[in-house]
There are 2 protein chains.
Amino acid sequence: MSTSESDYLQHYNIHNYDTPLCTVDMCIFSVLNDSVNVLLVKRSEHPERGKWALPGGFVHPEKDQTLDDTAYRKLFEKTGVASPYLEQVGTFGNNSRDPRGWSLTIAYFALINSSDITLSANESSERAQWVPIHELNDYCPMAFDHLTLFTHCYERLKNKVQYTSLPINLLQEEFTLSELQQLFEILLNKHLDRKAFRRRFLDADIIEETGNMRASHTRPAKLYRAKQLGAEHYFLRSIEGPRS
Amino acid sequence: MSTSESDYLQHYNIHNYDTPLCTVDMCIFSVLNDSVNVLLVKRSEHPERGKWALPGGFVHPEKDQTLDDTAYRKLFEKTGVASPYLEQVGTFGNNSRDPRGWSLTIAYFALINSSDITLSANESSERAQWVPIHELNDYCPMAFDHLTLFTHCYERLKNKVQYTSLPINLLQEEFTLSELQQLFEILLNKHLDRKAFRRRFLDADIIEETGNMRASHTRPAKLYRAKQLGAEHYFLRSIEGPRS
DNA sequence: ATAATAGTGTCTTTAAGACATTATGCG
DNA sequence: CGCATAATGTCTTAAAGACACTATTAT
């Protein structure tokens with residue numbers, strides 16, 4: 001009965017066990033034309049061929065050393081973006097979400113600036129497309145439980161807008177405070193006070209002037225950058241927005 | 001080339017693909033003797049036999065309909081507690097965390113009141129034991145990457161103490177405000193002002209008097225209960241604690 | 001000069017921290 | 001009574017909202 005660990009491992013065969021299918025799905029957000037967009041692909045293969053889906057795919061034990069590698073690989077295949085903000089949102093597993101069997105997917109969300117990317121359709125010739133999130137229902141039915149995955153990712157994003165600096169990652173490296181505020185207003189879907197918004201970010205000591213200005217047909221605005229790229233600051237208080 | 005989805009599914013065999021091992025690990029917290037404890041088991045089987053580990057096990061496609069089922073099943077096997085607070089923290093997957101191959105684990109944390117539970121050693125005769133978290137290093141080496149999993153779960157817990165009502169789930173159904181405050185002080189490891197603490201919870205309208213009193217050798221205290229069992233309230237401001 | 005947007009001054013409001021004071025039970 | 005803990009009163013402080021005011025550019 002008493003075998004060594006090396007004996008045990010020598011006779012261990014993963015294929016003797018029933019095990020879930022493992023995939024990673026990406027909810028890639030960007031802001032385009034004053035609205036939040038998510039990147040969707042039209043499935044070109046079974047199952048759920050022809051339906052819209054979040055880009056994703058199987059965890060590939062040969063290609064990927066870690067789970068995050070899978071996520072970055074999928075993201076790069078679809079967008080060409082190498083190192084965006086990436087966050088794991090949750091894992092969804094059950095026996096009904098995929099007709100092939102008990103399956104499990106790890107959902108990630110990514111924030112990228114839309115001008116950074118070139119949509120590519122080369123991988124398995126799936127067409128990727130930005131979809132404004134308020135149009136998402138028009139694209140139903142979505143494949144599998146991807147509407148649920150999207151909803152969880154979007155809720156996470158909306159929550160973090162309230163108490164972190166996270167959305168900075170949706171802008172280009174240099175941005176004005178007005179651009180940042182507009183972005184927050186789109187995400188929160190409400191108007192914010194300019195002075196309060198500026199105070200919040202300036203007092204937090206997380207951005208710095210670049211010395212450059214954004215030209216415009218009115219008064220030029222100072223350009224800022226995040227002091228630490230990809231960092232997210234947690235504010236002690238949530239944004240509340242207008243009082244009644 | 002053009003097959004139907006049902007044809008496709010008929011010939012699909014999960015065992016043709018290389019796929020990760022899938023497990024669930026539980027970080028079960030409780031408060032005992034004025035300190036936070038976590039439930040650990042001593043592994044009785046290979047691999048990592050004899051090391052301490054978080055209770056957990058394989059996702060079992062026959063037994064479990066959903067991932068949460070796996071978590072609840074493992075929790076019940078170890079503690080006999082049927083419906084505690086449970087939250088998914090994150091999924092950790094790579095090719096080095098388990099000697100059997102590419103493996104992935106979904107980490108959950110649970111909050112339970114220690115008086116609710118009876119530790120059972122019946123399943124695979126592993127002995128479960130409460131370990132105060134400040135002693136965790138003395139129990140090293142822990143199996144696999146379980147110290148990392150624990151750390152992520154503990155960080156999540158500590159963060160949520162700052163801005164949610166979550167720790168209520170560590171107390172019994174009826175509790176005094178002093179007991180609640182003591183609990184927060186243990187979790188945050190700092191003293192809190194009594195008036196501010198009471199205001200915070202009372203103004204949030206999330207607890208109500210039960211009408212009963214906690215007897216003691218001094219002035220009896222009012223007993224409260226959470227208005228909604230298992231609910232977590234998000235405060236707009238984080239607890240900061242004493243100003244230096 | 002005017003329009004438009006950038007940026008500031010400053011008063012109010014909210015919820016938290018500090019800390020003294022009062023209340024209530026038991027021995 | 002006197003001790004210990006429960007519960008409250010009230011002043012201060014930090015950060016947000018409201019909103020008027022000033023600054024800078026193009027046309």
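- We find that CZ of Phe201(A) is positioned 14 Å from C1' of dA15(D), with the value rounded to whole Å.
- Counting to the nearest Å, the P atom of dG9(C) and the CZ atom of Arg198(A) are 12 Å from each other.
- The distance from atom CZ of Phe197(B) to atom P of dG9(D) is 19 Å, rounded to the nearest whole Å.
- Protein atom OH of Tyr224(B) is 12 Å distant from nucleotide atom P of dA6(D), rounded to whole Å.
- Separating the NZ atom of Lys222(B) from the P atom of dT24(C) is a distance of 10 Å, rounded to the nearest angstrom.
- With Thr105(A) as the partner, the side chain to side chain donor-acceptor pair (under 3.5 Å) test is satisfied by one option alone out of Thr91(A), Asp145(A), Asp25(A): Asp25(A).
- Remark: the Thr70(B) side chain and the Asp64(B) side chain contain an N/O donor-acceptor pair separated by less than 3.5 Å.
- Between the CZ atom of Arg200(B) and the P atom of dA7(D) there is a distance of 19 Å, rounded to whole Å.
- At a threshold of 4.0 Å, the pair Glu185(B)-Lys190(B) does not count as salt-bridged, since none of the basic side-chain nitrogens sits closer than that to a carboxylate oxygen.
- Looking at which nucleotide of DNA chain D each of Leu177(B) and Asp203(A) is closest to, the 5′-most match is held by Leu177(B).
- Judged purely by atom type and a 3.5 angstrom limit, Asn169(A) uses its side chain to pair as donor or acceptor with the backbone of Leu166(A).
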* To do: Determine, for nucleotides 18-27 of chain D in 5'-to-3' order, which nucleotides have protein heavy atoms under 4.0 Å from the base (write B), from only the sugar-phosphate (write S), or from neither (write -).
  => BB---BBBS-

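- The residue from Phe175(A), Tyr224(A), Phe235(A) that alone fulfils the ring pair (Phe, Tyr, Trp, His ring centres under 6.0 Å) condition with Phe201(A) is Phe235(A).
- When rounded to the nearest whole Å, the span between CD of Glu240(B) and P of dA14(D) equals 9 Å.
- The base of dA15(D) is paired with the side chain of Arg237(A) by a donor and an acceptor separated by under 3.5 Å.
- Within 4.0 Å of Thr176(A), counting heavy atoms only, lies no atom of the nucleic acid at all.
- Closest to the side chain of Ile239(B), out of dG17(C), dG17(D), dA16(C), is dG17(C).
- Using modelled atom types, one finds a donor on one side chain and an acceptor on the other under 3.5 Å when comparing Asp68(B) with Tyr108(B).
- Residue pairs meeting the salt bridge (charged side-chain N to carboxylate O under 4.0 Å, His left out) criterion with at least one partner in residues 155-170 of chain B, sequence neighbours excluded, are Glu87(B)-Arg156(B), Glu87(B)-Lys160(B), Glu155(B)-Lys158(B), Lys160(B)-Glu232(B).
- Rounded to an integer number of Å, the gap from CG of Leu202(A) to C1' of dA14(D) is 17 Å.
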